[in-house]
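Just so you know, ligand 1 is whichever comes first in the structure, and atom 1 is the first atom listed for that ligand. Nothing here was measured: the structure is a model prediction, and the numbers come from that model.
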Amino acid sequence: MYLVSACLVGVKCRYDGKNVSDTALEELFQSGQAIPVCPELLGGLSCPRECSEIIQTDKAAYKVASKTNKDVTAGFKLGAKKTLEICQSLDITTAILKSKSPSCGYGYIYDGTFSGNMIEGNGLTAELLSQNNIKVLNELNWNS
Ligand code: SF4
């Protein structure tokens, strides 16, 4: 069983109220092999919502802020924690998460300037799952 970002299997849970469906992942979900989860909704954020990015506030600290600088760090952290709890309660060891997202992105994310630039880094949920020995893949590499 996989955990999968809900927006990849048809759920309209992105910040803009849309999804980014991936046909192969939808098939995986339809076949009963994937549990869809949206960490940001689990963290209590609304849909639609302003887009947010992780902003490094100094060398060791960060916050997650919306485009109008509303601090949404607590919601992102709560969503990550709840997603980890779902994985642990269902013995899920692999998650397929949406690339680039400040929650789900793994390996590279937007740089916090809302300009489309990418930097190395992980979204909050991807990071927490990874720290807890859950393999994190994305929609581009999960079946390669
Ligand atoms: Fe998709 Fe993850 Fe963003 Fe939810 S938090 S919309 S699952 S990328």
Side-chain angles (χ1 to χ4, degrees), residues 1-57 62-144:
M1 181 66 70
Y2 297 92
L3 183 119
V4 66
S5 291
C7 60
L8 291 172
V9 297
V11 181
K12 295 179 178 177
C13 54
R14 271 174 40 120
Y15 73 95
D16 57 4
K18 298 179 180 174
N19 62 42
V20 280
S21 263
D22 178 283
T23 304
L25 286 171
E26 277 201 42
E27 286 171 6
L28 191 75
F29 167 54
Q30 297 291 349
S31 71
Q33 297 179 73
I35 304 272
V37 167
C38 176
E40 290 173 26
L41 294 193
L42 282 178
L45 297 168
S46 63
C47 185
R49 55 192 173 277
E50 279 191 284
C51 67
S52 298
E53 295 190 7
I54 299 171
I55 297 169
Q56 206 72 32
T57 51
Y62 70 89
K63 69 175 181 179
V64 188
S66 73
K67 205 166 184 177
T68 59
N69 205 26
K70 183 178 168 197
D71 190 332
V72 289
T73 311
F76 273 66
K77 283 186 173 178
L78 179 60
K81 180 171 171 284
K82 287 186 173 181
T83 302
L84 175 61
E85 287 170 358
I86 291 170
C87 287
Q88 291 175 331
S89 67
L90 297 173
D91 289 328
I92 290 173
T93 56
T94 304
I96 305 167
L97 302 182
K98 175 72 184 74
S99 60
K100 304 179 187 175
S101 155
S103 289
C104 294
Y106 186 70
Y108 55 101
I109 53 173
Y110 291 111
D111 70 354
T113 63
F114 296 92
S115 56
N117 294 329
M118 310 295 299
I119 54 171
E120 287 186 9
N122 301 328
L124 268 64
T125 295
E127 174 69 20
L128 186 63
L129 298 190
S130 175
Q131 286 174 359
N132 284 273
N133 300 317
I134 294 166
K135 187 174 184 180
V136 179
L137 304 172
N138 65 34
E139 75 277 18
L140 304 172
N141 67 12
W142 71 277
N143 60 358
S144 60

With side chain to side chain contact (heavy atoms under 4.5 Å, CB included) as the test, would you mind laying out the steps for Phe114 and Cys51 before giving the verdict?
CA-CA 9 Å; Phe114 296 92; Cys51 67; 3.9 Å; yes
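- Salt-bridge check for Glu40 with Arg49: passed, with a basic side-chain N closer than 4.0 Å to an acidic carboxylate O.
- Of all the heavy atoms of Glu139, none lies under 4.0 Å from any atom of ligand 1, so neither backbone nor side chain is involved.
- When each of Thr94, Leu97, Leu84 is paired with Leu3, the side chain to side chain contact (heavy atoms under 4.5 Å, CB included) condition holds for Leu97 and for no other.
- Protein N/O/S atoms closer than 2.8 Å to atom 2 (Fe) of ligand 1: Cys104 SG.
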Taking it one step at a time, do Ile119 and Ile109 satisfy side chain to side chain contact (heavy atoms under 4.5 Å, CB included)?
CA-CA 6 Å; Ile119 54 171; Ile109 53 173; 4.2 Å; yes
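- Listed by chain and residue number, nothing satisfies the salt bridge (charged side-chain N to carboxylate O under 4.0 Å, His left out) test with Lys100 (two or more places apart in sequence, or in another chain).
- A donor-acceptor pair under 3.5 Å links the side-chain atoms of Ser101 to the main chain of Ser103, judged by distance alone.
- Each of the atoms 6 (S) of ligand 1 lies under 4.0 Å from some heavy atom of Arg49.
- For Asn69 and Lys63, the side-chain atoms include at least one donor-acceptor pair closer than 3.5 Å.
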